[in-house]
Amino acid sequence: MAMHEFQIIQSYFTLPTLRADLGVGDDCALFRVAQGHQCAVTSDMLVSGRHFFWDVDARSLGHKALAVNLSDLAAMGAEPLGFTLSLALPAVSEAWLAGFSGGLLDLAREFHCDLIGGDTTKSAASFENNGLVINITAFGQVPIGAAVRRDGAQVGDDVWVSGVLGDAARALVLLQREQSGDVLGVVEAEALLALRPRLERPTPRVALGMALRGVASSMLDLSDGFAGDVRHVLRASNVDVEIDCDVLPLSSTLKNLNLGQQCPIWHTWRDALTGGDDYELCFTSSPTQRDVLAELSSRAAVPLTRIGCVIERAGDAPNVRWCSENSPEGLMHMREWRGYNHFS
Ligand code: ADP
Ligand code: MG
């Protein structure tokens, strides 16, 4: 049972590198970026009890810990190269380590992204009590000047999102209800089965992100909910947007669930716009790129939906002008909608 630090690293986190010159085992890892490229760096921390249920399936957790970082690389148009993994663990469980590293390294292999180092320490707290902390720093490469930043949106650009929105948020609500002792109805339980992978096993849109170099004028990935995240682009680009709620991409599971409960459609929009964990790409691009985008969407096998346009900044603060013909009453509720914020 009692493995020490180096056995953990050796058994679960050491494997031959595909692209790095030197991986786990020395004081530093060594890797290079291709000539004429920049290194893109991103870091994400996951804390038990805050970002995930402490007893979540370890394999899914390993997948998600890396997926959220690959999603950030995708959102810059960067190609993944490698990542470091820093772990604070309250205790050593071989079953947990095997599951976690399995999910993590499967995804790493899929995206040819090497685990090149990290750090492993013991934490004093328990799993339940924020005691499991996972930090991943990922490195990618992008041709110099080609990264798609948040500050490039132009008035007149279209606003696009990939995939569907809101599934992960609704899965979280259903799981929280289960955890608090609620028994879900048959329809809800079935919906949870369909929605849960979207929360626990997000797909980073890496190929799409890379293909959007030179096509998108600005981009970010949606991690805290569109309503909050889009404002980062508005602030950086000094513009506003108009969003047509009637065309928001929603899964049939989510739509049917709300229809079945006879909820007004804007309840579904609330999931789609204020819920986190979508890990879809949101980007702006010139209307002249619409044909290119249709082609690109079918090549990457990811649906793209044009949900609005960039407009001139009206006031001091960034503003989203929500529009709908189907549910004008829904708009009344939306003015205050924001994404998730840890310290609010
Ligand atoms: P140092 O004391 O020089 O910081 P460590 O003893 O902490 O090195 O780590 C030994 C090697 O194992 C290093 O190459 C480090 O990057 C790697 N490493 C430590 N923890 C992890 C981990 N969780 N995943 C991958 N590599 C790790
Ligand atoms: Mg160390």
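Predicted model only: the values in this text are computed from it and were never measured. Indexing begins at 1, ligand by ligand and atom by atom, following the structure's order.
- Between the Asp246 side chain and the Glu325 main chain, a donor and an acceptor come within less than 3.5 Å of each other.
- Between Ile265 and Asn258 the shortest side-chain heavy-atom distance does not fall below 4.5 Å.
- With atom 7 (O) of ligand 1 as the reference point, the heavy atom nearest to it among Thr14, Ile116, Asp119 is part of Asp119.
- The distance criterion of under 3.5 Å between nitrogen or oxygen atoms is not met by Leu115 with respect to ligand 1.
- Side-chain contact between Asp44 and Ile134 is absent, with no heavy atoms from C-beta onward closer than 4.5 Å.
- When only interatomic distances are considered, the shortest N/O to N/O separation between Phe13 and ligand 1 does not fall below 3.5 Å.
- When the ring-ring contact (aromatic ring centres under 6.0 Å, His included) test is applied to Phe31, the partners found at least two apart in sequence or on another chain are Phe139.
- Taking a cut-off of under 4.0 Å to the non-hydrogen atoms of Gly117, the atoms of ligand 1 that pass are 16 (O), 24 (N), 25 (C), 26 (N), 27 (C).
- Listed by atom number, the atoms of ligand 1 under 4.0 Å from Asp27 heavy atoms are 3 (O).
- Distances from atom 17 (C) of ligand 1 to the heavy atoms of Leu15, Val24, Asp26, Ile136 show the closest one on Val24.
- Grouped by direct or indirect side-chain proximity (heavy atoms under 4.5 Å, Ile/Leu/Val/Met/Phe/Trp/Tyr only), Leu293 sits with Val148, Trp160, Leu208, Leu212, Val215, Met219, Leu281, Phe283, Val292, Leu296, Val302, Leu304.
- Inclusion of Leu85 in the set of residues having an N or O under 3.5 Å from an N or O of ligand 1 is warranted.
- Judged by distance alone, the side chains of Ser217 and Asp157 do bring a donor and an acceptor atom under 3.5 Å apart.
- Side chains of Arg109 and Leu15 form a contact here, defined as non-hydrogen atoms less than 4.5 Å apart.
- Between Tyr12 and ligand 1 there is no heavy-atom distance shorter than 4.0 Å.
- Closest to atom 23 (N) of ligand 1 by heavy atom, among Ile134, Leu104, Thr120, is Thr120.
- Applying the 4.0 Å criterion to heavy atoms of Phe6 picks out, from ligand 1, the atoms 6 (O).
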